[in-house]
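Heads up: the structure comes next, in structure tokens.
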Protein chains: 2
Amino acid sequence: MEPKYQAVAESLRHDIATGLYRDGEALLTEVELKQKFGVSRQTVRQAISLLENDGLVIRRRGSGTYVNHGARKHGGVLSVGVITTYITDYIFPSIVRGVESALSAENCIMSLSATYNRTDHERSLLQRILESPLDGLIVEGTKTALPNPNTGLYEQLWERNIPCVFINGYYPQLPNAVYVVTDDESGGRMAAAYLAERGFTRVGGIFKSDDMQGHLRYQGFSGELQDRGLRVRDDAVCWFSTENKRRFLRDETGAEFIRSLKNGLEAVVCYNDEIAVELLEVLREHHISVPRDVSLVSFDNSAYAAVCHPKLTSLAHPKDEFGRVAAEKLLNMMAGKRESSIVLPWTMIERDSVR
Amino acid sequence: MEPKYQAVAESLRHDIATGLYRDGEALLTEVELKQKFGVSRQTVRQAISLLENDGLVIRRRGSGTYVNHGARKHGGVLSVGVITTYITDYIFPSIVRGVESALSAENCIMSLSATYNRTDHERSLLQRILESPLDGLIVEGTKTALPNPNTGLYEQLWERNIPCVFINGYYPQLPNAVYVVTDDESGGRMAAAYLAERGFTRVGGIFKSDDMQGHLRYQGFSGELQDRGLRVRDDAVCWFSTENKRRFLRDETGAEFIRSLKNGLEAVVCYNDEIAVELLEVLREHHISVPRDVSLVSFDNSAYAAVCHPKLTSLAHPKDEFGRVAAEKLLNMMAGKRESSIVLPWTMIERDSVR
DNA sequence: GACCGTACCATGTACGTACTTTTTTTGTGC
DNA sequence: GCACAAAAAAAGTACGTACATGGTACGGTC
């Protein structure tokens with residue numbers, strides 16, 4: 001049987017979590033709690049010690065015991081976990097910099113880790129975090145287009161009052177999640193509209209199948225084309241996933257798409273610059289010239305976009321600002337404020353990959 | 001006056017720290033301690049609770065209380081701080097990736113922060129770390145060519161048995177520090193020898209004045225040239241610092257150096273690719289062609305080296321491996337092993353900036 | 001209105017006792 | 001020598017008391 005002091009602690013923890021006490025409000029006094037639970041004052045004190053160790057309450061001699069929703073749990077230093085799919089590649093350094101500068105300004109330590117878009121890695125990282133004393137979490141959802149096996153762990157974070165901000169992608173299964181994302185559906189529409197307005201009628205696309213961003217960009221892309229009365233043939237759309245992203249363009253999947261290209265596609269919307277660069281290479285091998293034969297629009301406006309040949313017309317991800325916004329939201333949540341999700345817009349950066 | 005339970009805790013802490021108890025050995029029982037200190041058993045228990053919270057001891061019901069020297073301090077998860085001058089720029093993402101992959105394999109959390117090569121930032125980061133529960137630290141020394149005002153904080157880490165590995169640069173004032181560095185003096189010699197062997201006799205250099213790497217590279221550079229009977233004129237050497245690195249080439253300092261170049265320097269050794277790229281731009285404005293008029297060799301073999309025009313001949317920093325080595329050293333030290341410092345070699349990557 | 005002292009109330013410290021639960025040791029019988 | 005049970009030993013739980021110490025509010029004085 002659960003000992004009394006744990007039962008008392010559990011009950012208090014529940015009261016705090018469900019908002020029975022406001023932030024900074026005093027708990028009932030030890031003597032009152034002793035009467036309420038019918039235990040001795042020592043037992044009450046033992047229970048409160050547990051909460052104090054978790055940083056949920058602060059005891060002030062002569063005054064009372066105060067709940068401590070927002071305050072810093074570990075000696076004045078907040079510690080925030082940041083989980084992204086990659087750390088050092090592509091646009092992630094910029095996002096991380098945005099996060100770091102915002103956190104650093106608030107005397108915050110940032111713990112960084114990468115999932116490589118694998119749910120098993122995500123799982124072990126979350127387990128680590130649950131065991132270590134973090135005050136908040138910024139996390140990029142892993143394979144957000146698929147059912148996520150780790151939502152239980154996120155719910156545990158929630159129960160422990162560790163606020164969490166999702167970036168880029170989130171899990172629809174977690175209804176109350178706060179997220180910072182780009183407006184991927186509008187992005188898809190912008191890319192399609194940009195090409196349609198330049199007179200291209202036969203437009204294809206390459207999208208990622210396991211991230212929600214891929215689905216949304218495709219949704220916007222195909223919706224926009226349909227709204228303009230243009231047909232989207234299934235064989236003009238190519239899907240790839242995390243696992244085959246390095247090779248699908250040279251596999252049968254890619255070969256089929258290249259055939260579609262040769263059969264008259266005039267323009268392609270690429271899921272991101274990384275894929276666009278790969279595509280450029282494969283097209284060069286097939287002696288298909290960009291932008292003469294085929295035009296490309298891609299996403300993210302990464303460093304790649306400006307150095308490859310031809311330079312890519314790409315929708316710009318807010319990167320630094322994106323990271324900063326996410327970090328500031330999290331800081332507010334850790335301070336006890338309520339925050340809502342935000343969807344950031346894309347900006348078209350025109351370069352040389354569209355005729 | 002200090003309360004009894006704290007006095008007891010302090011005494012026990014001292015006994016543990018001075019090695020009176022071996023690792024894993026049981027403390028005296030609560031009853032024995034009660035007699036030894038002449039306090040009640042409750043008071044002893046309160047004292048032991050403090051140690052338990054710090055992870056110094058583990059209590060096992062029915063068995064005893066055991067000291068816990070080596071074990072992981074925070075619930076099975078090690079937490080490591082990583083402090084570099086920059087996080088997301090230049091070669092740092094690669095170094096960080098190396099560190100991350102090694103730490104991640106050992107179930108370790110990495111907390112990342114940047115000093116921007118400022119000792120005041122370094123100071124506040126170290127203070128944060130001293131307040132937060134970290135198990136180890138990888139740190140890039142800040143302005144290592146100058147006396148460091150924060151060595152006292154490093155000594156505090158030392159006293160707390162938090163192992164620390166310096167990377168890229170360290171503080172000679174801390175005699176027992178373990179470091180992982182590149183062989184900067186040899187690097188300077190390699191760069192100078194490379195140019196000398198190609199027949200250049202009038203060779204200049206740009207070096208950083210506030211990092212030990214700058215001093216050592218200069219030392220190797222000038223030593224090698226002297227050994228070969230070549231003269232190193234003071235006005236052929238240009239010094240810059242963290243503060244003026246973005247503009248010195250366009251200031252009077254740079255103007256003077258450009259005059260030296262026009263007065264007959266045939267080749268320049270650059271402190272790193274970042275500076276080399278800036279120099280390329282300034283030279284272009286002065287209609288000095290690289291490598292036709294002037295040859296360049298630089299350090300780090302960063303991404304810059306391969307994308308600028310002409311591509312830079314550069315000594316390759318081990319980056320990923322460098323980070324991995326540092327992380328592995330730290331992990332060994334946290335596991336209680338003794339580690340010594342290591343100096344990693346440079347490799348010359350030949351491109352187009354030398355005639 | 002500013003200041004100060006006091007009473008009261010809150011948590012903190014300290015000790016005592018009793019009993020429970022788990023682990024380890026001891027002792028017994030085979 | 002081994003298996004098993006009993007005893008002992010250790011930490012855990014729980015309650016009680018007493019007093020210390022710091023914080024707050026109230027009321028009185030100047």
Side-chain angles (χ1 to χ4, degrees), chain A residues 1-16 20-69 71-73 75-76, chain B residues 1-16 20-69 71 73 75:
Chain A
M1 200 196 88
E2 194 181 33
K4 288 189 189 176
Y5 76 100
Q6 281 178 23
V8 171
E10 209 41 60
S11 168
L12 290 173
R13 214 186 282 272
H14 176 260
D15 290 349
I16 290 169
L20 187 62
Y21 298 99
R22 301 247 176 98
D23 191 28
E25 201 176 336
L27 245 56
L28 294 179
T29 70
E30 294 178 356
V31 176
E32 286 166 333
L33 289 172
K34 154 190 151 137
Q35 283 155 3
K36 174 177 172 192
F37 291 104
V39 297
S40 74
R41 190 179 148 222
Q42 314 308 316
T43 305
V44 170
R45 286 183 58 74
Q46 207 173 349
I48 294 176
S49 293
L50 293 181
L51 305 190
E52 194 187 19
N53 267 351
D54 288 358
L56 269 87
V57 299
I58 289 177
R59 307 213 263 203
R60 278 166 50 195
R61 170 190 287 209
S63 174
T65 304
Y66 298 87
V67 315
N68 182 230
H69 275 142
R72 329 213 128 180
K73 289 175 189 168
Chain B
M1 199 195 85
E2 193 181 33
K4 288 189 190 178
Y5 76 101
Q6 281 178 23
V8 171
E10 208 42 59
S11 168
L12 290 173
R13 216 186 282 272
H14 175 261
D15 290 349
I16 291 169
L20 188 62
Y21 298 99
R22 302 244 177 101
D23 191 27
E25 201 175 334
L27 245 55
L28 293 180
T29 71
E30 294 180 354
V31 175
E32 286 166 332
L33 289 171
K34 153 190 154 140
Q35 284 155 3
K36 175 178 171 190
F37 290 104
V39 298
S40 74
R41 188 177 150 225
Q42 316 307 318
T43 304
V44 170
R45 286 183 56 74
Q46 206 174 347
I48 293 176
S49 294
L50 293 181
L51 305 190
E52 194 186 19
N53 267 351
D54 288 357
L56 270 91
V57 299
I58 290 177
R59 305 212 265 204
R60 277 166 52 196
R61 168 188 288 211
S63 174
T65 304
Y66 299 87
V67 314
N68 182 229
H69 274 142
K73 290 176 188 163

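Protein chains get the first letters and strands the later ones, always in sequence-line order, with residue 1 at the start of each.
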Using salt bridge (charged side-chain N to carboxylate O under 4.0 Å, His left out) as the criterion, point out the one residue from A:Arg45, A:Arg59, A:Arg13 that pairs with A:Glu52. A:Arg59
Which residue lies toward the 5' end of DNA chain D, A:Tyr66 or B:Glu52, if each is placed at its nearest nucleotide? B:Glu52
Minimum-distance nucleotide to [X] side chain [options: [options]]:
{"X": "A:Tyr5", "options": "D:dT13, C:dT13, D:dG23", "answer": "D:dT13"}
{"X": "B:Thr65", "options": "D:dA11, C:dG12, C:dC15", "answer": "D:dA11"}
{"X": "B:Arg61", "options": "C:dT13, C:dG12, D:dT13", "answer": "D:dT13"}
{"X": "B:Arg60", "options": "C:dT22, C:dT17, C:dT24", "answer": "C:dT24"}

Looking at [N], I'd like to know if its phosphate oxygens (OP1 or OP2) sit under 4.0 Å from a side-chain N or O belonging to [X].
{"X": "B:Ser40", "N": "C:dA14", "result": "no"}
{"X": "B:Ser63", "N": "C:dT24", "result": "yes"}
{"X": "B:Lys4", "N": "C:dC15", "result": "yes"}
{"X": "B:Arg41", "N": "C:dT17", "result": "no"}
{"X": "A:Arg59", "N": "C:dG12", "result": "yes"}
{"X": "A:Arg45", "N": "C:dG12", "result": "yes"}

Whether the side chain of B:Gln6 and the base of C:dT13 hold a donor-acceptor pair under 3.5 Å is what I'd like checked. no
Tell me the interatomic distance from B:Lys34, atom NZ, to C:dA14, atom C1', rounded to whole angstroms. 12 Å
Looking for any heavy atom pair under 4.0 Å, which part of the strands does A:Val39 touch: base, sugar-phosphate only, or nothing? sugar-phosphate
Smallest separation among heavy atoms of B:Tyr21 and B:Val67, with atom names: CB-CG1, 3.8 Å
